[in-house]
Number of protein chains: 2
Amino acid sequence: MEIQGLPGRLLDELGPAIASGEIPEGAVLRGEELEERFGVSRTVVREAVRILEGMRMVASRRRVGITVQPKSLWDVFDPLVIRWRLAGADRPAQLRSLGSLRVAVEPAAAALAATQATDDDRRQLSSLAVELTVSAREADLTTFLAHDIAFHALVLRASGNEMFAHLGDTVGAVLTGRTEYHLMPHQPEPYAIRLHREVADAICSGNADEAEQAMRTIVTGALAELNQQLG
Amino acid sequence: MEIQGLPGRLLDELGPAIASGEIPEGAVLRGEELEERFGVSRTVVREAVRILEGMRMVASRRRVGITVQPKSLWDVFDPLVIRWRLAGADRPAQLRSLGSLRVAVEPAAAALAATQATDDDRRQLSSLAVELTVSAREADLTTFLAHDIAFHALVLRASGNEMFAHLGDTVGAVLTGRTEYHLMPHQPEPYAIRLHREVADAICSGNADEAEQAMRTIVTGALAELNQQLG
DNA sequence: GAAACCAAATCGTCATACTTTTAGGCTGTG
DNA sequence: CACAGCCTAAAAGTATGACGATTTGGTTTC
């Protein structure tokens with residue numbers, strides 16, 4: 001998953017710094033400067049910059065240097081960009097964006113899953129719903145989180161749409177961030193749990209409408225909660 | 001937008017070849033082989049490969065080479081990946097994926113736009129709807145396509161969600177591809193045009209529900225048409 | 001037959017030299 | 001003074017040779 005080697009290290013420094021605005025839009029870096037600052041060779045700097053260029057976070061121009069691109073050009077769907085933004089000052093904005101995206105995508109994915117899921121998908125979904133209920137009742141938040149993430153990822157994957165499926169990890173990052181954020185205060189709401197079961201049941205029985213509605217209730221609820229917390 | 005220089009040229013060769021499956025998943029390339037095949041230096045090959053690695057299309061490992069990753073790992077939201085897939089053998093699958101994505105996202109974007117759009121957005125939307133109607137009536141398909149793309153991109157941008165906004169270009173690529181595909185047969189359907197006006201009016205008057213419904217009708221219609229054409 | 005070892009292949013990194021582009025200043029002319 | 005065109009230097013782009021690190025797969029040895 002991670003980019004390897006020294007360029008990866010460089011990326012771990014530069015990416016978050018740019019994502020958080022510490023290195024602001026329009027800033028100009030010179031390759032040589034980066035070489036010195038990180039004690040690496042030209043090769044390494046260039047490869048790291050190329051990757052950032054691939055994400056459209058920077059553009060390199062002769063006689064000018066490496067300029068940080070406006071945020072509107074960034075590949076905001078790149079998992080690394082999302083992670084960097086979630087880790088830094090942009091976190092609230094990123095959470096809001098992802099919240100809306102979930103509201104749009106997850107109900108559609110649930111509806112598709114009701115018709116497209118394999119038998120194996122349905123079995124896994126069913127058992128995940130049960131385990132979710134159990135860990136919620138036992139107030140085992142760590143296990144609950146893991147199951148919750150797996151549940152949403154599975155629905156997205158079972159939709160049969162590769163683009164939806166790819167959002168699984170991102171949604172996982174949001175859920176992780178969320179429980180970290182309000183520091184695991186209370187046990188999961190019974191209502192939300194019931195909705196997860198409802199989604200699972202609807203998908204298993206091929207009821208697309210019900211799956212979509214239940215999922216919509218879940219994600220709109222999550223978005224409302226988020227907006228409340230962020231003000 | 002494009003990646004520059006020799007690495008960019010290399011990418012234009014390798015990317016489509018991998019995306020189309022011509023270089024299949026699991027295939028192993030050697031850096032030196034690429035140097036010879038394209039007559040460029042290590043530097044160039046390495047930078048191009050790094051970019052592909054950033055898209056998770058390949059992984060480079062010591063003593064083994066550059067291996068093409070399974071499609072499920074690719075950054076399917078990367079604009080280049082989408083373009084490469086649209087241009088090659090994967091085009092039907094990519095169109096289907098994007099169709100579902102549109103059904104999920106565009107109605108949500110329209111609803112958001114109804115509350116979030118700036119006055120300027122609303123003005124532009126309004127006039128775009130008019131121009132759309134005109135070019136449709138005149139059966140000027142080229143202009144119509146341009147306006148259609150601009151319309152959908154504007155709604156996505158006006159939603160105020162950066163992630164939605166970023167799908168504007170992608171949707172544009174789909175629309176372009178679509179009219180290229182069935183070779184501009186008939187003039188745009190009057191019903192679809194009316195729906196576009198309805199979306200614009202609803203957004204301008206702040207009616208989120210109506211905007212969402214009208215947009216949903218548009219994109220589900222497009223998806224149905226697509227599925228019909230692809231069998 | 002298994003475990004330890006060794007060697008070759010390949011990527012990873014560094015250092016250096018040369019090329020290409022281009023921003024920004026300089027110069028000369030009307 | 002204004003403008004056009006040239007010129008220079010700065011920075012990225014490319015090429016190449018050398019060496020280091022790692023991993024695979026065979027080979028040796030017990």
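Throughout, a chain's letter reflects where its sequence line sits, starting with A, and its residues are numbered from 1. Here the structure is a predicted model, which means the values were calculated and not measured.
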Within the pair A:Arg50 and D:dT14, is there a side-chain N or O less than 4.0 Å away from OP1 or OP2? yes
Let me know the distance between CD1 of A:Ile66 and P of D:dA10, rounded to the nearest Å. 17 Å
Please determine whether the number of non-hydrogen atoms from other residues, nucleotides or ligands lying under 6.0 Å from atom CD of B:Gln4 exceeds 12. no
Is there a side-chain contact between A:Leu6 and A:Phe38 in this structure, where contact means two heavy atoms from C-beta onward sitting under 4.5 Å apart? no
What is the distance, to the nearest angstrom, from the CD1 atom on A:Ile3 to the C1' atom on C:dG12? 15 Å
Who are the salt bridge (Lys or Arg N to Asp or Glu O under 4.0 Å) partners of A:Glu32, not counting sequence neighbours? A:Arg30
Check whether any side-chain heavy atom of B:Asp78 sits under 4.5 Å from a side-chain heavy atom of A:Met55, and report yes or no. no
Roughly, in whole Å, what's the span from CZ in B:Arg46 to P in C:dT10? 15 Å
Calculate the interatomic distance between A:Leu10 atom CG and C:dC14 atom P; express it in whole Å. 10 Å
Counting any heavy atom closer than 4.0 Å, what does A:Ser60 reach on the DNA or RNA strands: base, sugar-phosphate only, or nothing? sugar-phosphate
Rounding to an integer number of Å, can you tell me how far A:Glu47 CD sits from D:dT14 C1'? 13 Å
Qualifying residues under side chain to side chain contact (heavy atoms under 4.5 Å, CB included), relative to A:Arg50, sequence neighbours excluded: A:Arg46, A:Glu53, B:Ile3, B:Pro7, B:Glu47, B:Ile51
In terms of side-chain heavy atoms, does A:His196 have a donor or acceptor partner in A:Asp148 at a distance below 3.5 Å? yes
To the nearest angstrom, the CD-C1' distance between A:Glu32 and D:dA10 comes to 10 Å
Where along nucleotides 16-24 of chain C does protein come under 4.0 Å, by heavy atom, of base (B) or sugar-phosphate alone (S), with - for untouched nucleotides? -B--BSBBS
Distance criterion of 3.5 Å, no angle test: do you see the side chain of A:Ser41 paired donor-to-acceptor with the base of C:dA15? no
Nearest-Å distance, CG (A:Leu6) to P (D:dA21)? 12 Å
A:Gln4 CD to D:dA21 P: how many Å, rounded? 17 Å
For residues A:Ser60 and A:Ile66, report the shortest heavy-atom separation together with the two atoms involved. OG-CG1, 4.1 Å
